[in-house]
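Quick notes on the structure that follows.
Quick note on labels: first sequence line is chain A, next is B, and so on, each numbered from 1. Because only heavy atoms are used, hydrogens play no part in the values below, and waters and symmetry mates are left out as well, while side chains stay in.
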Amino acid sequence: MYKNISKILAISLLIIFIFVSITGCGSTSANSASDQTKQTEKKEEPKQDETKKDESKAAGQDKKLKLGYVQNFSSHEFYKNIGRGAKEAAEKTGVDFEIADANLDINKQISMCETMLAKKVDALIVTPVDPKGIMPIIEKAMGAGIPVITESVKAPKQTCYIGIDDFAGGYLDGKYAGEYVKKNNFPTPKALLVGLPALEACVNRTEGFKKGLLEVVPDAKIVAEVDGSGAKDKAMAKATDALTAHPDINLIMGINDDSTLGGVQAYKAAGKDLSKLIAFGFGVEGVAAKNELTDAKGPYQGGLAMFPENIGRLLVETAIKAAKKETVPESIQVPFTVMNKENVATYYKKQGDDWLIIWDEVLKIQSK
Amino acid sequence: MSSFSRNIKKLFSFDESVLLLSLIGIVIVLSFLSPYFMTGENIINVLRQSSITLIAGIGITVLLLVGEVDLSIGSLAAFVGIFTIKVLNSTKSTLIAVLVGLAIGFVVGIINSSIVTRFNINSLIVTLGMMSILRGTGYIVTNAVAVQNQVKEFTVIGTGYLGPIPLPVVIAFLLFALFYFILNYTTFGRYVYASGGNPKAAISSGINVRSIKTICFIICSMLAALSAVIMTARVNSGQPNLAMGFEMTVIAAAILGGTSLSGGQGSLLGTLIGILILGVLENGMVLLDVSTFYQDVVRGAVIIIAVILDTRRAAGKEKIQKIKNEPRLSSDKSSASEVK
């Protein structure tokens with residue numbers, strides 16, 4: 001009898017574990033992110049209703065538009081901030097908006113997209129885990145007349161692709177680095193690139209950076225390229241090794257916040273003179289990078305700002321247009337710019353531990 | 001038999017010989033290939049990076065010896081890191097923060113072990129669930145934003161030195177010595193091997209296997225928490241994505257070092273050599289600017305080759321043991337099984 005009870009207990013615990021590991025991992029960040037908005041949502045509910053009426057009048061429909069967004073990796077600050085911008089835009093326009101996380105699992109992503117379609121969304125937004133793998137569900141949605149907006153990763157077919165030109169971004173970043181070197185009479189750069197070679201987008205960033213840097217400073221040297229896996233601890237470990245092999249490294253570039261900061265941290269931990277280092281980043285998507293960038297004495301001199309909040313806004317606004325059967329362009333290049341110590345405060349405002357986007361300024365940036 | 005081949009046999013007679021020779025071989029090759037490899041700075045660098053893995057590796061080895069495994073150590077590291085920094089920022093006391101970190105390890109160890117031993121569930125499943133819970137909770141608590149450290153002294157744990165030796169290496173060495181002693185020279189150590197090697201026999205000879213396992217789970221989680229504190233001090237922030245896949249590196253190193261997944265077999269020395277092999281390889285390939293994709297292939301190949309060599313040696317030794325023991329098999333069963 002006791003055995004039976006413990007068996008039942010064991011099985012039910014197992015089920016709970018499996019349930020938690022499937023749903024817990026997937027929706028935690030979406031939940032926690034929505035907690036923030038929930039509070040504001042309540043306050044703005046009457047407003048929402050007004051705008052909803054306006055919206056539905058404009059669309060000539062009675063029902064509120066419903067958008068679904070399946071991200072590939074919500075637990076990253078970049079995607080978190082995309083979600084933040086998207087939710088803000090959805091609230092403003094008064095559409096129903098739901099966000100889910102595939103946690104880098106393409107099968108999970110497909111089934112989440114299916115769920116969204118079953119919930120009768122009017123437009124589907126997706127950051128594909130894999131551009132080919134996502135195709136069947138995109139075809140299914142578009143076949144049913146539901147527009148699909150893809151972000152970051154372009155699929156072979158979609159209603160509209162919204163993303164950043166990584167190579168052009170890297171190029172701009174590299175040119176900025178080169179100009180910084182020239183302007184400040186910094187010694188010839190010996191660069192360490194902390195990359196992520198498994199992702200094409202990230203390879204384009206480093207390639208663009210190299211091209212830009214070498215164009216301005218032709219005798220600059222790329223002395224090492226390492227795989228930092230996009231995570232601070234791994235970036236730091238690999239950068240430490242590279243700094244041992246090439247003690248003369250004086251420029252560090254990383255493909256995202258964690259890669260850049262991990263590289264800088266390795267340099268710091270090696271006990272080297274920080275005033276002899278300059279660092280450039282890509283993304284400046286999170287809190288830590290903005291803090292480091294605003295440190296007047298720090299080596300972080302500039303980073304390509306992607307403004308994830310703005311990407312989120314573009315996603316929702318484009319999805320609404322597409323859902324209303326208005327024409328949308330086949331692809332939208334997200335505008336970007338280089339942020340440096342001087343202009344961070346133009347685009348972001350520090351509030352407590354957080355950085356809030358200043359929409360008026362960011363919207364002025366034209367795509368290149 | 002010539003004296004030369006006898007000497008070779010002798011050299012190969014201790015358990016970790018093949019691994020040690022592999023390590024020495026890799027070191028020799030790398031020092032020829034890269035002028036930076038054999039520099040004092042680089043050796044210290046390899047030792048520091050390996051020491052963090054070793055601290056968790058000691059715990060995993062102890063746990064593998066009792067036939068259990070813990071997949072949650074990587075997520076636990078992130079979880080501990082986040083809370084250590086949070087406590088640190090609010091109390092400004094490094095000591096309290098570290099103690100809280102270790103206490104989290106203790107509690108997680110208790111939870112893991114009580115689920116495994118009470119309900120008799122495979123630890124692979126339990127700790128897989130725990131891995132997910134801890135990682136998820138870390139993301140919930142931080143909202144995926146790294147917690148920045150505001151107390152400078154704390155980083156000393158990760159970046160400080162005792163003379164020329166990095167502090168993490170000192171900590172790892174002391175722990176290694178302590179657990180080497182415990183496993184080899186105490187009753188508890190014998191019980192660990194016995195509980196993992198043949199749990200039924202252990203139970204019938206009066207060993208409380210359940211509590212031995214509980215202690216091993218706690219040791220494993222607490223050591224993982226300690227390595228998490230060091231990692232966190234090194235990256236100077238509580239990163240919710242800290243130590244992704246750390247459990248796999250640690251378990252691979254332990255298995256490379258000859259520790260069996262089914263319990264009862266293995267040694268700390270093996271784990272140490274396994275960790276050093278992986279650490280030296282990782283470091284050497286970056287020094288040589290080997291492309292990342294080739295790095296993965298080389299790492300995998302070395303693991304497989306080392307394990308093949310090791311099992312062949314073990315099989316050869318078993319054969320010799322059998323022949324030796326055959327005439328007195330009946331009277332000497334216990335000592336034969338002890339040699340394993």
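Open room surrounds NZ on A:K349; 12 or fewer heavy atoms of other groups in view lie less than 6.0 Å from it. When the shell of 6.0 Å around CG of A:D273 is examined, it contains more than 12 heavy atoms from other residues, nucleotides or ligands. Counting non-hydrogen atoms of other residues, nucleotides and ligands closer than 6.0 Å to NZ of A:K272 gives a total above 12. For NZ of B:K92, the number of neighbouring non-hydrogen atoms (other residues, nucleotides, ligands) closer than 6.0 Å is greater than 12.
Minimum heavy-atom separation, B:A144 to A:E77: O-CG, 3.4 Å. Nearest heavy atom pair, residue A:K234 against residue B:A243, reads NZ-C, 4.2 Å. Of all heavy-atom pairs spanning B:T159 and A:A269, the tightest one is CG2-CB, 3.9 Å.
One finds the CG atom of A:D101 at 9.5 Å from the OH atom of B:Y139 (value rounded to the nearest 0.5 Å). With values rounded to the nearest 0.5 angstrom, A:K232 atom NZ is found 14.0 Å from B:M231 atom CE. B:I140 CD1 to A:S75 OG: the interatomic distance, rounded to the nearest 0.5 Å, is 11.5 Å. Atoms CG and CG, from A:D227 and B:D296 in turn, are 8.0 Å apart once rounded to the nearest 0.5 Å. The NZ atom of A:K268 sits 6.5 Å away from the CG atom of B:N236 when rounded to the nearest 0.5 Å.
Within residues 238-251 of chain A, the residues having any heavy atom closer than 4.5 Å to a heavy atom of chain B are A:K238, A:T240, A:D241, A:A242, A:T244, A:A245, A:H246, A:P247, listed by residue number.
Heavy-atom pairs under 4.5 Å with chain A peak, among B:Q49, B:M285, B:E282, at B:Q49. Put simply, of A:A231, A:G262, A:P197, the one with the most heavy-atom pairs under 4.5 Å next to chain B is A:P197. Your options are B:E41, B:R48, B:Q239, B:M131, and the one with the most heavy-atom pairs under 4.5 Å with chain A is B:Q239. Of the listed residues (B:V145, B:T39, B:T155), the one with the most heavy-atom contacts under 4.5 Å to chain A is B:V145.
Using a 4.5 Å heavy-atom cutoff, the side chains of A:N291 and B:Q148 are in contact.
When heavy atoms are compared at a cutoff of 4.5 Å, B:Q295 approaches chain A solely by way of its side chain, counted from C-beta outward. For a residue to count as touching a neighbouring chain, one of its non-hydrogen atoms must lie under 4.5 Å from one of that chain's; by this rule A:D258 touches chain B with the side chain only. For B:N241, the parts lying under 4.5 angstrom from a heavy atom of chain A are both the backbone and the side chain. For B:F293, the part lying near chain A is the side chain, with the backbone staying farther off; criterion is any non-hydrogen pair under 4.5 Å. Heavy-atom distances place both the backbone and the side chain of B:N42 under 4.5 Å from chain A. Contact annotation for B:M244: both backbone and side-chain heavy atoms come within less than 4.5 Å of a heavy atom of chain A.
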